[in-house]
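In what follows, chains carry the letters A, B, and so on, assigned in the order in which the sequence lines appear, proteins first and then strands, with residues in each chain numbered from 1.
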Amino acid sequence: MKYWIFKSEPGVFSWNDLLVSENQTTYWDGVRNYQARNFLRDEVNIGDLVFFYHSNSEPLAIIGFCKVVKAGYPDFTALDPKSEHFDPASSTENPRWYMVDIKAEHEFKSPVTLEILKQSPGLEELRLLQKGNRLSIIPVTKQEAGIIQKLGR
DNA sequence: GCCAACGTTGGC
DNA sequence: GCCAACGTTGGC
């Protein structure tokens with residue numbers, strides 16, 4: 001089992017949006033970055049734990065965590081000309097972008113804010129905290145995941 | 001709203 | 001294959 005942070009702007013898709021989704025499950029569409037795509041396609045698996053991070057918002061924080069319930073499959077929004085995420089270079093035969101499905105598992109008692117994360121020993125290497133980081137699908141080590149879990153209790 | 005950092009594009 | 005220009009991200 002692996003551990004991840006998925007970033008989302010709550011104005012686009014928030015933790016609460018996830019909670020009111022059918023089965024508290026959503027497909028994670030719209031990733032249009034190759035490194036993040038590779039993670040979704042090749043590495044994110046059923047049962048993996050996903051921390052749900054709100055970016056560009058108040059508070060900047062991990063709100064809770066999810067479980068991956070469906071591993072990588074083609075992002076169909078890339079094939080839909082009406083979608084904001086349409087990519088004419090992607091096709092059914094040769095999909096360029098991938099998505100996974102995640103299901104809400106637990107909301108933290110209080111959000112684990114960016115500030116808290118920065119102050120927590122053991123998270124110095126966390127990609128989320130590196131300057132200029134823009135990756136939206138971030139791998140997290142088991143040790144880091146344990147620390148984040150503790151912070152959320 | 002600003003702007004630094006980053007990824008992508010496209011002309012050469 | 002280089003790199004300038006551009007668009008986007010995301011913390012502040």
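- Between A:K118 and C:dC12 there is a side-chain N or O to OP1 or OP2 distance below 4.0 Å.
- Considering only side-chain N and O atoms, A:Y34 lies nowhere under 4.0 angstrom from the phosphate OP1 or OP2 of B:dT9.
- Of all heavy-atom pairs between A:S21 and A:F13, the closest is OG-CZ, 4.0 Å.
- Distance from the side chain of A:L114 is smallest to C:dC12 among B:dT8, C:dG10, C:dC12.
- The nucleotide whose nearest atom lies closest to any side-chain atom of A:S55 is, among C:dG11, C:dC12, B:dT8, C:dG11.
- Taking atom CD of residue A:Q35 and atom C1' of nucleotide C:dT8, one finds them 16 Å apart after rounding to whole Å.
- The side chain of A:N56 has C:dG10 as its nearest neighbour among C:dG10, B:dT8, B:dA4.
- When all heavy atoms of A:Q130 and A:E124 are compared, the closest pair comes out as NE2-O, 2.9 Å.
- For A:Q130 and B:dA5, the CD to P distance is 14 Å, given to the nearest whole Å.
- Between the P atom of C:dG10 and the CD atom of A:E9 lies a distance of 7 Å, rounded to the nearest Å.
- Rounded to whole angstrom, the span from the CZ atom of A:R127 across to the C1' atom of B:dG7 amounts to 12 Å.
- Side-chain N/O atoms of A:R32 and A:S90 include no donor and acceptor closer than 3.5 Å.
- Rounded to an integer number of Å, the gap from CG of A:L135 to C1' of B:dG7 is 11 Å.
- Rounded to whole Å, atom C1' of C:dT8 lies 14 Å from atom CG of A:N133.
- Ring-centre distance between A:F52 and A:W28: below the 6.0 Å cut-off.
- The closest side-chain donor-acceptor pair between A:D17 and A:S14 falls under 3.5 angstrom.
- Separating the CG atom of A:L60 from the P atom of C:dG10 is a distance of 11 Å, rounded to the nearest angstrom.
- Closest-nucleotide positions on DNA chain B for A:R32 and A:K131 were compared, and the one nearer the 5' end corresponds to A:K131.
- The distance between atom CG of A:L117 and atom C1' of C:dG11, rounded to the nearest whole Å, is 14 Å.
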